[in-house]
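All ligand and atom numbering here is 1-based and tracks the order in the structure.
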Amino acid sequence: MNNNSQYYTRTAQILHWLMAIIFIGAWIIGFYSGNFLSYDVDGSFKGQVITLHKNIATTIIFLVVIRIFWRYTHPAPELPNTMSKNMKTLAHFGHLALYFMLLALPITGCLFSWSAGHPAPVLYLFEIPRLVQDNPELLAIVKPLHIWISWAAGVLLVGHILAALKHHFIDKDHVLKSMTQQPK
Ligand code: HEM
């Protein structure tokens, strides 16, 4: 299904940029904690940073459900005809992979936290009900999974941003504007 308008709806735009900010923020905080802090040296500060990472990142679970519903009921604008069929297919699969990351990262993150015996808090307001108890076997799987997926998501995100900038500055088409502007 395609959309006759050249622009995403305002709701789709708000969801996109809100999730972009949360995702990038969560990524940087997770990366900082995972690679620059250790419990031996930084003690409770590391705990506070991981707690911040979780409280921000869990919101993605709720937002992505709304976003997928909105995407189904409000199809995206068509890609420009100047793009080859192969590039359109690549863009399509890139977007699917990004949606996969938006689901897989918070899910593996929550499983990581629960199986290590910790909660999955949301915005310091409430906790997502625990679906698994302390489980070292599961932890041994979901911990590396969360880290690998976060790296793959980082690469994909950089590709996504570079593609958007290429559309805007080199191809000079409407792709980036479709996510920032509304019809006059
Ligand atoms: C969009 C969502 C998320 C993103 C982008 C994300 C990203 C990351 C990144 C980049 C790391 C560091 C990986 C490394 O060590 O190199 C990380 C670690 C971690 N994440 Fe996430 N994450 C997300 C969701 C979650 C959620 C929902 C939870 C738990 C409720 C969680 C729990 C953790 C924990 C416990 C670590 C280990 C931190 C450490 O060892 O210091 N993450 N995450």
**Request:** For atom 21 (Fe) of ligand 1, check which protein N, O or S atoms are under 2.8 Å away and list them.
**Result:** H53 NE2, H146 NE2
**Fill in**
Note: ligand 1 atoms sitting under 4.0 Å from heavy atoms of P106 are 27 (C)
**Message:** Can you tell me if A153 contacts ligand 1 (heavy atom of the residue under 4.0 Å from the ligand)?
**Reply:** no
Could you give the side-chain donor-acceptor pairs of residues 85-96 under 3.5 Å, partners two or more places apart or in another chain?
residue	atom	partner	partner atom	Å
T89	OG1	K85	O	2.9
H95	ND1	A91	O	3.4

Result block: side-chain N/O donor-acceptor pairs under 3.5 angstrom for residues 14-32, not counting sequence neighbours:
residue	atom	partner	partner atom	Å
W17	NE1	M179	O	2.9
W27	NE1	S150	O	2.8

**Item:** atom 40 (O) of ligand 1 [closest protein heavy-atom partner, distance rounded to 0.1 Å]
**Value:** K46 NZ, 3.7 Å
**Prompt:** Atoms of ligand 1 less than 4.0 Å from I60 heavy atoms?
**Reply:** 1 (C)
**Message:** For the residue pair S113 / K54, report whether a side-chain donor-acceptor contact shorter than 3.5 Å exists.
**Reply:** yes
**Item:** N or O contact, S113 vs ligand 1, cut-off under 3.5 Å
**Value:** no
**Prompt:** For residues Q181 and Q13, is any side-chain donor paired with an opposing acceptor at under 3.5 Å?
**Reply:** no
**Fill in**
Looking at G154, G25, S33, the heavy atom closest to atom 38 (C) of ligand 1 belongs to S33
**Message:** Tell me whether F100 at atom CZ has more than 12 heavy atoms from other residues, nucleotides or ligands lying less than 6.0 Å away.
**Reply:** no
**Asked** Which residues pass the side-chain contact (heavy atoms from CB on, under 4.5 Å) test with L131, sequence neighbours left out?
**Response** W114
**Prompt:** Hey, quick one: are L103 and Y99 part of the same hydrophobic cluster, counting side-chain heavy atoms closer than 4.5 Å, chains of contacts allowed?
**Reply:** yes
**Prompt:** Has F126 got more than 12 heavy atoms of other residues, nucleotides or ligands less than 6.0 Å from its CZ?
**Reply:** yes
**Asked** Is there a donor-acceptor pair closer than 3.5 Å between any side-chain N or O of H167 and the backbone N or O of V175?
**Response** no
**Request:** For the pair N135 (side chain) and L138 (backbone), establish whether a donor and an acceptor sit closer than 3.5 Å, ignoring hydrogens and angles.
**Result:** yes
**Asked** What's the shortest distance from atom 14 (C) of ligand 1 to any protein heavy atom, and which residue and atom give it?
**Response** N35 ND2, 3.5 Å
**Fill in**
Checking heavy atoms under 4.0 Å, the part of I61 that sits near ligand 1 is neither
**Item:** Main-chain N/O of D171 paired to K166 side chain as donor or acceptor, under 3.5 Å
**Value:** no
**Request:** Can you sort out which atoms of ligand 1 are near F31, meaning under 4.0 Å from one of its heavy atoms?
**Result:** 9 (C), 10 (C), 11 (C), 12 (C)
**Prompt:** Is W27 in polar range of ligand 1, meaning some N or O pair under 3.5 Å apart?
**Reply:** no
**Over-ring placement of K143 relative to F112, 6.0 Å and 45° cut-offs** = no
**Asked** Counting both backbone and side chain atoms, is some N or O of T58 under 3.5 Å from an N or O of ligand 1?
**Response** no
**Asked** Which ligand 1 atoms, with their elements, are less than 4.0 angstrom from a heavy-atom of I50?
**Response** 35 (C), 38 (C), 39 (C), 41 (O)
